[in-house]
Student: 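My questions will all concern the structure given below.
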Amino acid sequence: MNAGYLAHIGLPYGGTVVQLTLPEEVAAPKAAVKSSSAPAEKAGAPKAKAGGVPKAKAEGAAKAAPKAAPAAPEVPGDGKNFLEKWIEGEIAKGGRCHGKKVMTRFPPEPNGYLHIGHAKSILTNFGLAQKFDGQCNLRFDDTNPETEEVEYVESIKDDVCWITQALNLEQCKNGGKPWRDSLFFASDYFEQMHAFAVDLIKKGKAYVDSQTPEEVQKHRGGGEKNLPGVDSPYRNRSVEENLRLFAEMQEGKHEEGSLLLRAKIDMQHPNMNMRDPPMYRIRFASHHRSGDRWKVYPIYDFAHGNEDAIEGVTHSICTLEFENHRALYDWFIANTSIIPSKPMQKEFARLEVEGAVTSKRKLLRLVKEKKVTGWDDPRLLTVRGIRRRGVRPEGIKLMCDTVGVTDRNSVQPWELVEECFRADLEPISKRRLAVLDPLEVEIIDYKKEETIDGLTDLPEQDAKANPGCARGISFSSKIFIDRSDYQENPPEGYFRLSKIGSEVKLRYCYVIKLTEVVKDKAGNVIKLRCSHDPATRDVMPADRKPKVIHWVNGKDCLDAEVRLINMLFLSMPDKMPEGKDFMDYLNPESWVICKAKVEKALDSCKQEDRFQFERCGYFAPDYACFEKPRKLVFNRVVPLKESSDKKKLEGKGSASRKDAQAAAAAEKERLQKIPPTEFFKSERGSEFSAYDETGLPTHAADGSPLPKSAIKKLAKDLEKQAKLYEAFQKS
């Protein structure tokens, strides 16, 4: 099996060893000492595309306590994001919310499982409430009776409790819930929202439309040409007729789809959301909480702001896709005379991760077609999946802090996500030995058995000062090493076992020398025979520096299933080719099962334990470890950070600075030839449907006008392109 393939699926392989900083690796060894865990290189906190996290300061090697998790990223200026500044201004003297309790909310629909994007929203809303000594409500937006289930409600509650552990909320320290007593359902407000709708009808600001759904859609206008809307022929029904028809809708006297209650705003409005949007539709479906009480159900855009107003939410924080909906949100609040409070909405960029599939429709298909084992499959980026994988809430928070809270969408590279998870796990993961692809080694001149004591869980711990963190590992004449630590025909730069007479240093143990290679009839290597150097158990030999490899004792090691979790999907194009489906891009090696040999200490693992299998990565016990019949199963949370030597051996070495500069120059040369009027059409044409005479986009792909804030940002990009193009023309 070649090194490149092993690297691709996540197995360790030969090549320049990752520096372990062993006591026995010191160049000039002194007196022999008992082995102790080696400190791994202190990982600097990861950096996001725009800004980053400062590197953690190096700590003294003598410290016994675990290292602190990486610090949160520094924010330029006063260290506050734009949402924090907004709220501070609102609660200041003279502000809209001066003297009021800050109230935010997290309002998921109970029609699916939460994913990694929801995690940022949870941490943002509960985090802001925590910062301003306020309250964050957990509200289930259960306005669609056909898609909601109690199963989803319970899973969301559990996920919110788990994720907010990273915030260390005061109310949770004694067993309380993150939302305290504020667990709400939109269905609690059906009666009030129905009254709001009646209020709008009485004021002549809502009407019952008898057009078919197809006619309603057609007459909205919009599209590529941004056509104006057409008034419904039923728009000017009398208040009395509208009240009667709306009452009949609730009484079940009309078929589904035959009538629709709409707000009476402006069918010529440049914002498509303001073109007489729907408020209520007929649904003959039983609701998971209200049963068959209601025959009409509110549309999300109508319910959204009203729910906030009923609860007294002061700051309704949404993701950017709701920016164009804010005008409608405000219109309903302003035009309902019996509204109890007037919240305000502001938007931030949602978390988008490279290669992540978070669409509920796509996730459901993956589950139903059994492409994954369930909603908690560790390859999925559902909250349930990443939790089972072994990611900690603190790792998710570090990632969200690194990305930051901004008002501009961006896609975060998977490498950044991995680096954040790795930075969280490195200081707390217990070091253990596990061989993922075992190859038997017989030590021909070793006849006894012994125990190597004083190994600690974490690199900087002191076994004498803290005996509880210490363990011993046994050694005998039969051990297992990783198959990739022997190569019959090694590549250049490979310094492990290969030719007869080659040597390696066993982690915490002896130097061994290859004396014989045993093969089966098919020519496959099935065992190595080696001799050992008895003077090298605790020290590196003074006259040579063999590379260090990991191993386990064949006499008492345990069998374990180790799952190498890789990306579920291969790289997908932005626009799917004709005849292709997203399922065609499933990664056949997203789930690599290793029949591993692990040290016996892992038999006592706990659900909350995290491990660094040395030279292999960071791992967590799977639920199967704690079920009956019991089975040792470990999921890889994230691989170790690759060294440049490792990348070279794998054949995907990182580009040199010179190469990177050349690539940047080539890209600049390409861009400078594009006239500003054609820039957005050629580079981002799929995002927009209309442009002004300068080439500046004015309408989104769905025909809706772009918000002023988006146009402002695009104008800056266009200005840069104009300068680049002008410089090219003059050259």
Side-chain angles (χ1 to χ4, degrees), residues 47-52 76 222-227 270 320-321 323-324 349-356 403-404 406-417 567 569-580 582 584-585 644 647-648 651-731:
K47 292 183 178 180
K49 281 188 173 180
E224 290 185 6
K225 297 181 179 179
N226 194 30
L227 298 172
L320 281 175
E321 60 264 36
E323 187 173 19
N324 275 350
R350 66 184 180 184
L351 177 65
E352 292 193 73
V353 176
E354 180 183 43
V403 172
T406 70
D407 59 354
R408 187 166 189 172
N409 281 325
S410 61
V411 179
Q412 301 305 320
W414 181 246
E415 288 80 3
L416 172 69
V417 178
M567 296 291 286
F569 287 92
L570 302 171
S571 179
M572 281 188 277
D574 292 334
K575 187 176 181 181
M576 199 65 67
E578 187 175 349
K580 285 282 188 180
F582 81 102
D584 295 324
Y585 294 88
S644 58
K647 289 178 182 177
K648 281 180 187 176
K652 61 171 188 181
S654 58
S656 66
R657 184 176 179 182
K658 184 178 179 181
D659 291 338
Q661 290 173 337
E667 177 65 4
K668 182 178 179 181
E669 184 179 355
R670 183 186 72 83
L671 289 174
Q672 67 184 2
K673 298 176 183 178
I674 303 174
T677 53
E678 299 298 317
F679 176 64
F680 284 109
K681 296 174 186 176
S682 65
E683 298 299 299
R684 297 170 60 182
S686 62
E687 298 178 41
F688 312 112
S689 61
Y691 309 82
D692 67 12
E693 64 278 2
T694 69
L696 183 68
T698 57
H699 290 73
D702 63 0
S704 62
L706 294 172
K708 290 181 180 178
S709 59
I711 292 177
K712 187 177 179 180
K713 293 168 189 169
L714 293 170
K716 289 182 179 179
D717 293 338
L718 187 62
E719 184 181 354
K720 290 179 183 177
Q721 179 62 22
K723 290 179 180 178
L724 188 65
Y725 183 72
E726 183 181 356
F728 171 68
Q729 292 296 307
K730 290 179 179 178
S731 63

Student: What residues, two or more places apart in sequence or in another chain, satisfy side chain to side chain donor-acceptor pair (under 3.5 Å) together with Glu323?
Tutor: Ser709

Student: Residues in ring pair (Phe, Tyr, Trp, His ring centres under 6.0 Å) with Phe569, at least two apart?
Tutor: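 Here the qualifying residues are Phe582.
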
Student: Kindly write out the residues that satisfy side-chain contact (heavy atoms from CB on, under 4.5 Å) with Ser704, not counting sequence neighbours, or none if the list is empty.
Tutor: Met272, Asn324, Ala700, Asp702

Student: Once salt bridge (charged side-chain N to carboxylate O under 4.0 Å, His left out) is applied, do any residues pair with Asp407, and if so which ones, sequence neighbours excluded?
Tutor: Lys713

Student: Within the 4.5 Å heavy-atom criterion, are Glu415 and Pro413 side-chain neighbours or not?
Tutor: yes

Student: Between Met576 and Asp584, does a side chain to side chain contact (heavy atoms under 4.5 Å, CB included) hold up when you go through it step by step?
Tutor: CA-CA 10 Å; Met576 199 65 67; Asp584 295 324; over 6 Å; no

Student: Examine Lys681 relative to Phe688 and say whether NZ or CZ is less than 6.0 Å from the centre of the six-membered ring and inside a 45° cone about the ring axis.
Tutor: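 Lys681 over Phe688 ring: no.
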
Student: Any side-chain heavy-atom pair from Val403 and Leu416 closer than 4.5 angstrom?
Tutor: yes

Student: What's the spacing between Ile711 CD1 and Leu706 CG if we round to 0.5 Å?
Tutor: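 Going from the CD1 atom of Ile711 to the CG atom of Leu706 covers 5.0 Å.
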
Student: Measure across Ser689 and Gly223 and return the closest heavy-atom pair with its distance rounded to 0.1 Å.
Tutor: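 Answer, listing the atom of Ser689 first, then Gly223: OG-O, 4.4 Å.
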
Student: Given Phe680 and Leu718, is the side chain to side chain contact (heavy atoms under 4.5 Å, CB included) satisfied, shown in steps?
Tutor: CA-CA 8 Å; Phe680 284 109; Leu718 187 62; 3.8 Å; yes

Student: Quick one: side chain to side chain donor-acceptor pair (under 3.5 Å) partners of Thr694, sequence neighbours excluded?
Tutor: Asp692

Student: Could you verify whether a donor N or O on one side chain and an acceptor N or O on the other, from Tyr725 and Gln721, lie under 3.5 Å apart?
Tutor: no

Student: Would you please name every residue forming a ring pair (Phe, Tyr, Trp, His ring centres under 6.0 Å) with Tyr585, sequence neighbours left out?
Tutor: none

Student: Glu354: what forms a salt bridge (charged side-chain N to carboxylate O under 4.0 Å, His left out) with it, not counting sequence neighbours?
Tutor: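 Glu354: no salt bridge (charged side-chain N to carboxylate O under 4.0 Å, His left out) contacts found.
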
Student: Report the residues that fulfil side-chain contact (heavy atoms from CB on, under 4.5 Å) with Ala722, sequence neighbours left out, ordered by chain and then residue number.
Tutor: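 side-chain contact (heavy atoms from CB on, under 4.5 Å) list for Ala722, sorted by chain: Pro676.
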
Student: Sequence neighbours excluded, which residues qualify as salt bridge (charged side-chain N to carboxylate O under 4.0 Å, His left out) partners of Lys723?
Tutor: Glu719

Student: Looking at Glu352 and Arg350, is any side-chain nitrogen of the basic one under 4.0 Å from a carboxylate oxygen of the acidic one?
Tutor: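 The answer is yes: the pair qualifies as a salt bridge.
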
Student: Can you tell me how far the CG atom of Leu724 sits from the CZ atom of Phe679, to the nearest 0.5 Å?
Tutor: 9.0 Å

Student: Please enumerate all residues that pass side chain to side chain donor-acceptor pair (under 3.5 Å) together with Lys673, with sequence neighbours excluded.
Tutor: none

Student: With rounding to the nearest 0.5 angstrom, report the OG1 to CD distance, Thr698 to Glu693.
Tutor: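 Spacing of OG1 (Thr698) from CD (Glu693) equals 10.0 Å.
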
Student: Yes or no on side chain to side chain contact (heavy atoms under 4.5 Å, CB included) for Val411 and Val353, after CA distance, side-chain angles and deciding distance?
Tutor: CA-CA 5 Å; Val411 179; Val353 176; 6.0 Å; no

Student: Name all residues meeting the side chain to side chain donor-acceptor pair (under 3.5 Å) criterion together with Glu726; count only those two or more places apart in sequence or in a different chain, and write none if there are none.
Tutor: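 Counting only residues at least two positions away or on another chain, Glu726 forms a side chain to side chain donor-acceptor pair (under 3.5 Å) with Lys730.
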
Student: Sequence neighbours excluded, which residues qualify as salt bridge (charged side-chain N to carboxylate O under 4.0 Å, His left out) partners of Glu224?
Tutor: none

